[in-house]
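Okay, structure first, notes after.
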Amino acid sequence: MRVFKFGGASIQDANGVKNMVHVLNTVGHENTLLVVSAMGKMTNALEQVIDKYFNNPRELQNEIHLVKTFHLNLVNELFENKNHAVYKSISHLFEDLLLFFKTNKSPDYNFVYDQVIGYGELVSTTIVSAYLKEQAIENTWLDVRTCIKTDRFYRRANVDWEETQKHISEAVEASTLYITQGFLGSDANNFTTTLGREGSDYTAAIFGYCLNATDVTIWKDVPGVLNADPRHFSNITLLNTISYTEAIELAFYGASVIHPKTLQPLQRKEIPLYVKSFIHPENPGTVVNKSVGIEPKTPCFILKQNQILLSLSTLDFSYVVEENISDIFNLLAQHKMKVDVIQNSAISFSVCFDDCYNNLEKLLLHLKAKFKVTCHKNVSLFTIRHYDAAAIEALERGKEVLLKQMFQQTVQIVTK
């Protein structure tokens with residue numbers, strides 16, 4: 001069986017959904033499972049819905065109406081029959097969403113987030129499934145929450161692999177085309193959980209692993225894995241082949257094409273991962289497999305913006321030793337910070353991280369009780385894999401460098 005993942009950019013409007021049919025007709029859709037994201041920027045739109053629920057309830061209904069109207073307008077473009085059953089299906093989903101807001105008693109933002117945000121995927125897959133059937137492509141719609149089981153770590157849930165394997169094996173049969181949602185799972189009480197932003201790639205890998213798929217393909221608006229993000233860098237090179245190890249390194253440092261968790265289950269079973277263009281589905285794209293290194297060999301640039309850089313030293317100018325470092329990392333973990341770079345000397349410690357949960361002020365309060373703290377907000381973290389002197393020089397030109405760390409294959413530079 002093959003697993004295809006289509007992200008929000010591939011189905012951001014009616015033409016995108018129609019192009020998805022073109023992709024499937026071009027590469028075939030027999031014995032395939034499709035993992036589909038929310039349409040366009042609908043995840044961001046639903047985050048606004050959640051914000052209104054907590055901070056401006058009077059605007060909640062209007063914000064939901066905007067999301068519903070977007071989807072209904074798209075459906076109007078896809079279906080000539082205005083009495084098509086898909087309209088009723090979408091209405092039922094939004095009724096469920098409203099019912100949740102009326103009955104919810106939990107004040108936990110993360111719990112509410114996970115119960116609401118997945119409606120983007122539920123609606124998008126409902127529309128895509130109906131449209132494919134309209135185009136004579138028979139398929140089975142599958143609720144991913146009945147398949148992927150997780151713990152209760154809302155917004156970044158951990159997969160229960162044993163339960164997930166069992167449920168996927170029971171739900172999916174060979175020779176059938178399935179459509180399911182990315183990004184979502186459910187806990188032991190069947191509350192919705194999410195796997196983290198960009199988690200749809202991970203969903204595809206989970207299904208690939210559990211189904212012993214022949215391959216997994218991620219369909220993107222780029223020709224494959226590039227050596228840099230074309231939105232921020234020029235003179236881009238397409239990488240034809242990447243080893244699992246190299247791809248995991250790139251993902252760890254923040255390469256946006258592949259989710260960090262996606263590669264590990266595929267590597268365990270040596271399932272190839274293809275990254276291909278939904279604009280030119282006939283082109284080979286990039287393959288990630290058990291080869292060595294990358295081809296062609298070229299510097300790879302990764303940018304992470306809106307980072308926090310903290311520089312710490314002890315209040316009594318004593319050494320920063322194991323006990324201090326342990327305290328710092330415990331606090332970073334407690335406040336759910338994602339650490340990207342660390343650097344220390346005898347009397348100082350610097351750390352660059354993502355403040356994913358907006359816990360910076362709470363963290364600073366604890367750190368300032370034990371350390372002298374300098375905080376730089378909204379810094380940029382550049383990582384270069386397979387760097388050379390010219391690549392570093394070009395990157396640093398015109399920037400204020402706050403931190404720089406070099407290893408044999410990788411250099412990381414934090415700038416204002």
Side-chain angles (χ1 to χ4, degrees), residues 2-12 16 19-20 22-24 26-28 35 37 182 198 200-202 204-205 208 213-264 266-267 270-305 381-395 409-413:
R2 300 178 303 171
V3 177
F4 288 172
K5 181 261 179 173
F6 288 89
S10 67
I11 52 167
Q12 62 184 331
N19 184 67
M20 187 177 179
H22 167 67
V23 172
L24 295 176
T26 300
V27 302
V35 174
S37 298
E198 309 302 327
S200 293
D201 291 359
Y202 187 35
T214 56
D215 51 71
V216 173
T217 301
I218 299 172
W219 295 97
K220 305 283 288 185
D221 56 357
V222 291
V225 179
L226 305 173
N227 74 321
D229 187 333
R231 295 173 296 180
H232 304 293
F233 299 90
S234 56
N235 302 319
I236 305 304
T237 300
L238 173 66
L239 304 178
N240 302 317
T241 306
I242 311 176
S243 69
Y244 291 118
T245 301
E246 183 63 34
I248 288 171
E249 290 279 0
L250 291 171
F252 173 80
Y253 289 116
S256 60
V257 174
I258 305 173
H259 189 276
K261 291 182 180 178
T262 298
L263 296 156
Q264 292 158 346
L266 300 180
Q267 182 185 28
E270 296 186 353
I271 298 169
L273 172 68
Y274 291 90
V275 181
K276 301 180 71 173
S277 166
F278 59 73
I279 302 168
H280 300 289
E282 68 282 358
N283 290 350
T286 301
V287 61
V288 182
N289 57 23
K290 60 177 181 178
S291 58
V292 177
I294 61 173
E295 191 282 314
K297 189 71 174 289
T298 186
C300 296
F301 299 84
I302 301 161
L303 169 62
K304 298 185 77 172
Q305 296 176 305
L381 169 62
F382 293 89
T383 302
I384 312 176
R385 286 280 295 167
H386 311 294
Y387 63 87
D388 54 30
I392 296 174
E393 181 183 354
L395 182 62
Q409 296 287 337
T410 305
V411 60
Q412 292 189 283
I413 302 168

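Quick caveat: nothing in here was measured; it's all calculated off a predicted structure. Side chains included, hydrogens not; waters and symmetry mates left out as well; all remaining heavy atoms used.
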May I have the list of side-chain donor-acceptor pairs in residues 278-293 shorter than 3.5 Å, sequence neighbours left out?
residue	atom	partner	partner atom	Å
T286	OG1	V225	N	2.9
T286	OG1	L239	O	2.5
N289	OD1	S291	N	3.1
N289	OD1	S291	OG	2.8
K290	NZ	E270	OE1	3.2

Item to check | Heavy-atom side-chain proximity of K5 to V216 below 4.5 angstrom | outcome: no
Checklist entry - Is it true that a side-chain atom of R385 and a backbone atom of Y253 form a donor plus acceptor pair closer than 3.5 Å? => result no
Checklist entry - Just by distance, do the side chain of N19 and the backbone of H22 share a donor-acceptor pair under 3.5 Å? => result no
Item to check | Interatomic distance, I248 atom CD1 to T262 atom OG1 [nearest 0.5 angstrom] | outcome: 10.0 Å
Item to check | Option passing side chain to side chain contact (heavy atoms under 4.5 Å, CB included) with P299 (candidates I392, I384, V411) | outcome: I384
Item to check | Shortest non-hydrogen separation from A247 to I242 and the atoms involved | outcome: N-CG2, 3.6 Å
Item to check | Side chain to side chain, V275 and K220, heavy atoms closer than 4.5 Å | outcome: yes
Checklist entry - Do T298 and T237 meet the criterion of a side-chain donor-acceptor pair at a distance under 3.5 Å? => result no
Item to check | Y244 atom OH: more than 12 heavy-atom contacts under 6.0 Å | outcome: yes
Checklist entry - Can you say whether the rings of W219 and F6 are parallel (under 30°), tilted (30 to 60°) or perpendicular (over 60°)? => result parallel
Item to check | Sub-4.5 Å side-chain heavy-atom contact between P296 and N240 | outcome: yes
Checklist entry - Taking side chain as C-beta onward, heavy atoms only, is L250 less than 4.5 Å from I258? => result no
Item to check | Closest heavy-atom pair and its distance - S37, G7 | outcome: OG-CA, 3.6 Å
